[in-house]
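Structure, as structure tokens:
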Amino acid sequence: MIDFQNISKSYGGRDILKEVSFRVNPGERVGIVGPNGAGKSTIFGIITGAVRPDSGVVAIPRDHRIGIMRQKVDAADLPRTLLDFTADAIPELHEFSRELHGIETRMDEGVADDAELNRLLRRHGYLQSTIEHLGAYHLEQEASETLGNLGFDPKSLDRPIREFSGGWQMRAALARVLISHPDVLLLDEPSNYLDVPAVEWLCRYLNNFPGTLMLISHDRFLLRKLVKVTIEVNAGTATRYAGGYDYYCRERESRQKLLESAKRNLDRKREQMERVIDRFRAKSTKAAQAKSWMKKLDKLEDVELPDQLHYNGVIRFPEPPPGGIEAARIENISFGYTPDKLLLKDVSLDIASGDKIAFIGYNGLGKTTLLKLLVGKLQPLAGRVVLGHHSVLGYQAQEFTELLNDELTVYDAVRGALPPAASTANLMNVLGSFGFSGDETKKRCGVLSGGERIRVQFARLFVNPPNLLVLDEPTTHLDLAARELLQEALVQFPGTVCFVSHDIEFVRNVATVIVALTPGKVTKYFGNYDYYLEKAASADLPSSVKDASASGAAASEMTAKERRQQRAHARQEISGAFKKAKETVSALEKKLDKLSDEKKVLVAKLSSGMKLDFSALKKELAKVESEISATETEWESAATELEALRQENDRINHRE
């Protein structure tokens, strides 16, 4: 249980948290939401002890292990290999191993005092049990598998961490904290550095995480799939909602309406009382009554409305110029940053006018490169890009919201995007389309929120309206409100959009066509993201990332008789293996029981104080403990296989 009790924290005179209280119960899956800068990461810092609150107390059980993904790899870790860095996920294992080795050395040298020997034996057993419980003997294998699921090439496991980009280093840091199996897992925007397949895998992994999960995210897909409790951090407060993201959205809107109604009633009552007071205070016969009314007025408590998390207006992209039927065409393009190592080979793609195309796939397969080739930022080694008749390009790179000059006003920033000697007559109309009017145009870019910055950049883009928008990761670092704002604008935009995004919900709601990049292949799917999942799952995706709906879709095409026959055949195939696995597990459990009894007898003899051959007993005990360890490893492997067979059997029996 994590219990925040009246926590306050301020920075530079600004209150981030004001007497915040909430509780996270064991095993809960909690989403932390709110605008950027509201204090979400500060809450994580207080939980880990990296941030000290100004006042209040946070109660966390002492024996709870907390895992958090660091936002930067330590310089000391940079020379280490990827696998070594990731597998070193549980720092306390080093201390336990050193202590265990020290105890074994002392016991080998001989311990004359029986009480001390008994203490060392108990400590030795505890350390061994703890090390095994933490999964020390499986960390390297888990690290390798997790890195693969997050998109790392198996051939790169022996490369030093320093050779990877910052984004890939963050993936390694994520893998490291996941395999540490903490009691409480704190994840701060884990999908920022992930591509769509990795986000899908992460979601499946976290669904099976047995501990307490606290997730800060602007990714609606993760929030909807994982979160069962939502805590909104906003304007110094933290409000707990007993439901997932959609429940939170509904309840917050309902709460907002109730508070607005209560405020209107209060304001109306206050006005009525003020009119009565003004009418009676000048009359001597009514002065006492007026004074009484004034006291009642002073006692009225204000109704505070929560800050709006959503932009009230709508982004209206100016009408794009008309274009031809075809927006662009990629013809047999090949490209590599070195001629001997091609990233894209003989790629062809037609982009029809009005399409909303999402490019998805693991990082490093060429999504951003393909966009840069499309807009002419890169030149192909072979093939060509042909723009359609009257196509007007508008391109935004990944870092486009960070390129604004903070000293410029909104008006000057957008005016600076006009071609030389161009008229500013329509500039205010463009600014108004993106929600800036009056004094809003005089705000300096340095004080703008993430949503406002993205509106300024799109206003800069649309001073010369494009009909072919090319966007590379436009949702990165945007809060929920800004993402929803951009999403709605792109859905309504009548032109053509080509984009890359790791935000699955954004892709699902915007894209009408999916272009999937896999090693050596570019495949176009003429449908939205859900259509792509259905088709790709039954085609050529690796089995580790197939969607469960694929088997259901395939099975639905069979007759009931065929399904029964298939289930019977499948059951027959695994029945022998299932029976053998059960017998193996049962035999190993009996062996463990027998070895445990032997260990108890030996420990009792060593603790009895009788004159015995301690050296021989210690050797025998060490042999038994070694056999227990080996048998437990064997049992774990057999039990894992048995559980997999049981799940497969259940899946067959419940297959539609």
Side-chain angles (χ1 to χ4, degrees), residues 1-11 15-69 177-178 180-190 203 206-220 222-256 258-259 303-307 309 479-480:
M1 181 180 70
I2 299 174
D3 198 7
F4 268 57
Q5 301 171 12
N6 300 314
I7 294 289
S8 295
K9 181 64 182 177
S10 63
Y11 291 104
D15 290 328
I16 300 297
L17 303 174
K18 295 182 291 186
E19 296 188 358
V20 164
S21 296
F22 64 82
R23 177 174 294 175
V24 175
N25 297 309
E28 284 188 328
R29 282 150 153 64
V30 181
I32 312 291
V33 302
N36 289 337
K40 302 186 295 295
S41 296
T42 299
I43 286 176
F44 275 14
I46 291 172
I47 291 173
T48 61
V51 175
R52 292 179 61 88
D54 299 331
S55 61
V57 176
V58 57
I60 304 172
R62 286 187 177 182
D63 59 344
H64 271 37
R65 294 176 53 253
I66 295 175
I68 184 168
M69 186 180 81
V177 73
L178 291 179
S180 70
H181 304 298
D183 300 298
V184 180
L185 180 58
L186 309 179
L187 294 180
D188 191 347
E189 296 291 357
C203 184
L206 293 177
N207 264 322
N208 293 317
F209 174 66
T212 303
L213 172 66
M214 295 184 70
L215 172 69
I216 295 173
S217 183
H218 294 127
D219 190 321
R220 291 162 293 169
L222 283 181
L223 291 172
R224 286 191 168 106
K225 289 287 186 179
L226 297 173
V227 167
K228 303 301 181 185
V229 174
T230 306
I231 295 177
E232 179 193 289
V233 182
N234 186 27
T237 65
T239 306
R240 179 183 164 109
Y241 292 81
Y245 178 70
D246 290 327
Y247 172 87
Y248 152 71
C249 290
R250 292 192 304 270
E251 287 298 306
R252 190 186 198 281
E253 184 178 357
S254 175
R255 178 169 169 260
Q256 180 85 16
L258 287 172
L259 289 174
V303 175
E304 294 187 11
L305 298 178
D307 289 354
L309 297 185
D479 59 23
L480 288 166

Practice task
Kindly compute the distance separating CZ (R220) from OH (Y245), expressed to the nearest 0.5 Å.
Solution key: 6.5 Å
Fill in the blank from the handout: Taking every heavy atom of T42 against every heavy atom of V51, the minimum-distance pair comes out as CG2-CG1, 4.3 Å
Handout entry: Under 3.5 Å: donor-acceptor pair, side chain of K9, backbone of R52
Key = yes
Practice task
Measure across S41 and I216 and return the closest heavy-atom pair with its distance rounded to 0.1 Å.
Solution key: N-CD1, 3.8 Å
Practice task
Could you walk me through whether I68 and I47 pass the side-chain contact (heavy atoms from CB on, under 4.5 Å) test, one step at a time?
Solution key: CA-CA 10 Å; I68 184 168; I47 291 173; over 6 Å; no
Practice task
Keeping the roles fixed (side chain from T212, backbone from G27), state whether a donor-acceptor pair exists under 3.5 Å.
Solution key: yes
Handout entry: Sub-4.5 Å side-chain heavy-atom contact between L206 and L178
Key = yes
Practice task
Over all heavy atoms of both residues, which pair between G39 and I16 is shortest? Give the atoms and the distance, please.
Solution key: CA-CG2, 3.4 Å
Practice task
Please report the C-alpha distance between L226 and N207 in whole Å, then the side-chain angles of each, then the deciding distance to 0.1 Å, and finally whether the side-chain contact (heavy atoms from CB on, under 4.5 Å) criterion is met.
Solution key: CA-CA 6 Å; L226 297 173; N207 264 322; 3.6 Å; yes
Problem - I32 versus V233, closest heavy-atom pair with distance - result: CG2-CG2, 3.7 Å
Completion exercise
One should read off an interatomic distance between S180 OG and I66 CD1, to the nearest 0.5 angstrom, of 11.5 Å
Fill in the blank from the handout: Here the pair of heavy atoms bringing I231 nearest to A238 is CG2-CB, 4.0 Å
Handout entry: Shortest non-hydrogen separation from G243 to T230 and the atoms involved
Key = O-OG1, 2.9 Å
Problem - Exam field: side chain R252 to backbone Y241, donor-acceptor pair closer than 3.5 Å - result: no
Handout entry: Any residue meeting salt bridge (charged side-chain N to carboxylate O under 4.0 Å, His left out) with E28, in chain and number order, not counting sequence neighbours
Key = R240
Practice task
Flag the pair V177 / L187 as yes when at least one side-chain heavy-atom distance between them is below 4.5 Å, and no otherwise.
Solution key: yes
Practice task
Can you label the angle between the F22 ring and the F4 ring as parallel, tilted or perpendicular, going by 30° and 60°?
Solution key: parallel
Completion exercise
Separation between NZ (K40) and CG (N234), nearest 0.5 Å, reads 9.0 Å
Handout entry: With F44 via ring-ring contact (aromatic ring centres under 6.0 Å, His included) - residues at least two apart
Key = none
Handout entry: R224 vs D246, side-chain contact (heavy atoms from CB on, under 4.5 Å): CA-CA, chis, key distance, verdict
Key = CA-CA 7 Å; R224 286 191 168 106; D246 290 327; 2.7 Å; yes
Exercise for the section: Evaluate the criterion side-chain contact (heavy atoms from CB on, under 4.5 Å) for residue pair I43 and I7; output intermediate values, then yes/no. Expected result: CA-CA 9 Å; I43 286 176; I7 294 289; over 6 Å; no
Practice task
Would you mind reporting whether N6 and S21 have side-chain heavy atoms less than 4.5 Å apart?
Solution key: yes
Handout entry: CE-CG distance between M69 and L185, expressed to the nearest 0.5 angstrom
Key = 10.0 Å
Practice task
Check for a donor-acceptor pair, side chain of D183 on one end and backbone N or O of R65 on the other, with a separation under 3.5 Å.
Solution key: yes
Problem - Neighbour count >12 (heavy atoms, 6.0 Å) for atom NZ, K225 - result: no
Practice task
Examine distances only and state if a side-chain atom of S254 and a backbone atom of E251 form a donor-acceptor pair shorter than 3.5 Å.
Solution key: no
Problem - Under 3.5 Å: donor-acceptor pair, side chain of S8, backbone of E19 - result: yes
